[in-house]
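Beneath this line is the structure, given in structure tokens, with notes to follow.
One-based numbering, in listed order, for ligands and for the atoms of each.
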Amino acid sequence: MSEKLAALSKEFGKGRVEAAIERVAALPVEVPSWGFGRGGTRFATYVSGKEPSTPKEKIAAAGRFHELTGKGRTVALHFPWDGSTKRNVRALRQYLANAGVKAGSVNANLFTPRDRGPLGADLRFGSLTHPHASVRQAAVRHNLDCLEYMHILDSKTLVLWLPDGTNSPGQMSLYDQADRLEASLKNTYRALRKREKLLIEYKLFEPAMYATAIQSYGRSLELCRMLGEQAQVLVDLGHHAPTVNVEQIVAQLLRQEKLGGFHFNDRACADDDLASGSLHPHQLFRIFCNLIEGELHGYTPVPELALMIDQSHCIKDPLEEMIESLQNIETAYVKALLVDHEALKKAQDRCDPTKADSILRSAFLADVRPVLAEARWAQGLPEDPLAAARRKRAGL
Ligand code: LRH
Ligand code: MN
């Protein structure tokens, strides 16, 4: 055991450190196909031409990510970004196999206008909540197509984020918006097969600026309850108002067995889709602390949640930024695994918040890089995947 690991074991206990090495090695983290291409903003997307751009190239990059980190065994796909026909989807299956990875969640897309058909420019008035039944039916049809793609890809999870909403008070009745949404979701949900999950992602605003159809975790929770046990809430870290306590939402959803998973990213202002833990590493730590305490209360274990990255890489090399993000996620998880929850509870129960917070602070301030290096070494993976990626890129 290295000196640094020995020092950590002395401070946090040998058993806890060894468990952290095993648990971080086993933590499944799903990566988004769209995160391996160049991301952009409404102003511009600065494509240098070196970045992966086709589904095949993006999945090959996901394969390199998996080789370097051992994570990303499943890749989240987005339709029609990754294909728009069953033929495309069958080809994806081959790309995934060639890259040594599997299909993860299937993300429906009801915001990209299609060249023809009802899901064109009319999408600006909504999809599942559109005033015209023909557009709503076409939107449900897209969800059903995504379910068929899941069957081809052996994926078990449909992710639904809805751009629907309005930009002015008169644009749509909030009652009609809610009624249409619920009817369209029921038409989607009833087509799920056994063991398939529907994850409903909420978002405070954007692209709608006045009234977003699924604007809060409470609305998503209500819809998931209305639909049934195969429907759960997806928490995207960038989809909240700045002051919202996300880990409290996480604990409340977990307690109700309605937390399906996460879209990890970070943000400075709005839904910036920046690298996870790049600006708010302590928030990521607090979220994992609450997930681990949830396990201790008997709620869904962390590895059974859908832990997915959802980011847009506008400046850095996408593969490198994805590796950085994974390192931040794994670092937060290991720090949270070092928390002595028993001592924490004792301090909380005797109303000693200073002691309680010092227990959290010690874990957060711990340098856990030796734990991550050991976990990678034990799997025959590069101890420093970023350096390994650079060596590979330099042909070394
Ligand atoms: C919406 C969102 C959603 C994806 C998209 C790429 O903001 O988070 O999860 O479909 O980003
Ligand atoms: Mn998301």
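For the pair W81 and ligand 1, the shortest N or O to N or O distance does not fall below 3.5 Å. Ligand 1 has no N or O atom lying under 3.5 Å from any N or O atom of W34, backbone or side chain. Looking at ligand 1, you'll find an N or O of H78 within less than 3.5 Å of one of its N or O atoms. Ligand 1 has an N or O atom lying under 3.5 Å from an N or O atom of E201, backbone or side chain.
When the Mn ion (ligand 2) is compared with the N/O/S atoms of H263, atom ND1 turns out nearest. Nearest N/O/S atom of D236 with respect to the Mn ion (ligand 2) is recorded as OD2. Considering just the N/O/S atoms of D310, the one nearest the Mn ion (ligand 2) carries the name OD2. No other N/O/S atom of E201 lies as close to the Mn ion (ligand 2) as OE2 does.
Ring geometry for F125 against H130 counts as perpendicular: the plane angle is over 60°, on a 0 to 90° scale with 30° as the lower cut. Ring-plane geometry between F288 and Y333 is classed as tilted, the angle between the planes lying from 30 to 60 degrees on a 0 to 90 degree scale.
Not a single heavy atom of E206 sits under 4.0 Å from any atom of ligand 1.
With values rounded to the nearest 0.5 angstrom, F262 atom CZ is found 13.5 Å from D310 atom CG.
For the pair D317 and R393, the salt-bridge criterion is met [side-chain N within less than 4.0 Å of a carboxylate O].
Only the side chain of D310 comes within contact range of ligand 1, with a heavy atom under 4.0 Å; no backbone atom does.
Partner of Q232 under the side-chain hydrogen bond (donor to acceptor under 3.5 Å, both in side chains) criterion, chosen from E257, K197, Q256: K197.
In the vicinity of D271, heavy-atom distances shorter than 4.0 Å reach the ligand 1 atoms 7 (O). Every atom of ligand 1 with a heavy atom of H263 under 4.0 Å away is listed here by number and element: 9 (O).
For the residue pair T166 and Q177, no side-chain donor N or O sits within less than 3.5 Å of a side-chain acceptor on the partner.
With hydrogens and angles ignored, the 3.5 Å screen pairs a side-chain donor or acceptor of R114 with a backbone N or O of T112.
Smallest separation of non-hydrogen atoms from A366 and L8: CB-CD2, 4.1 Å.
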